[in-house]
Amino acid sequence: MRILVTNDDGINAPGLWKVAESLQALGDVVVVAPDRDQSGVGTSRTLLQVLRVIEVESRIEGVPARSVHGTPADCVILAMETLFPEPFDLLVSGINPGANLGLDVLDSGTVGGAFRGYFRGIPSIAVSVTSLSNVRYDLAARVTAELAKAISDHKLSQPMIFNVNVPNIATDQIDKVEMTTLGPKAYLESVVEGKDGRRVHYWIHHNKPIGDHAEEGTDIWAVRHNRISITPMDPTFISGHGGQDFGPVAQQLSNRLGTNGHQTNGHH
Ligand code: MN
């Protein structure tokens, strides 16, 4: 089993090496990670400048490591296209200090890295611990290795992303592992204004809590109840639900745009 490991916290982040170490027993591990903190960049790629890669000293014997002056997505694309072109069986992104839950996963660089594996047909795991301080990486690393093993044992009918969130508590305080759905968005942004002596500047902070209504069965609810949350994110996550409610709207737009309703064979 060939496993690519990346993260959004940068090549020196402890969670990256913890998870790489835990996966080593399963096969060949390769680490390609950003050269600096890229938290919050989501799935973004770098298209308007060149990317530099450095062969860094690995912290694990036998595990090649590269740092990229780019995003987690850049790391995955470079690794799979050119740095390590032999096919991977699994992508792991993390371990992130701080939860990645609900619709906030769309902002997450950790999950963004995992999306890039999924887009390329590789089963992908994003893994986070629900605290920014005194982070307990050991359990999250074990969970990831077990999930990786399960994925390779049960051949998936299609590649999927598994978004894992582990409560930052002692293992004996954990209730259980639960398969969850994504909860609602929990945070919005606030803006802090400052002056540098000449001009006004703004900082966007991603820290404005909204609502508190995560239902049972969601990832947010699970970690609040001391459960390890695993959210399998399949393509329905992207296509969304409720489209049928807008059927009449599509008809209305068709009419207003004067589309003729004639069927074509799809070839133009
Ligand atoms: Mn991060």
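In each ligand, atom 1 is the first atom listed, and ligand 1 is the first ligand listed. For the numbers below, each heavy atom of this structure counts, side chains included, while hydrogens, waters and symmetry mates do not.
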Please note down the angle at the Mn ion (ligand 1) between OD1 of N96 and OD1 of D9, to the nearest 10°.
-> 100°

Taking all heavy atoms of V29 and all of V63, pick out the closest pair and write down the distance.
-> O-CG1, 3.4 Å

min-distance N/O/S atom, D8 vs the Mn ion (ligand 1), resolves to OD1

Intermediate values then yes/no, salt bridge (Lys or Arg N to Asp or Glu O under 4.0 Å), K185 and D107 = CA-CA 11 Å; K185 203 160 187 358; D107 298 315; 3.3 Å; yes

So, S39 versus D9: side-chain donor-acceptor pair below 3.5 Å or not?
-> yes

Closer than 2.8 Å to the Mn ion (ligand 1), do we get an N, O or S atom from T110, backbone or side chain?
-> no

Classify the side-chain pair D35/S67 by whether it contains a donor and acceptor separated by less than 3.5 Å.
-> no

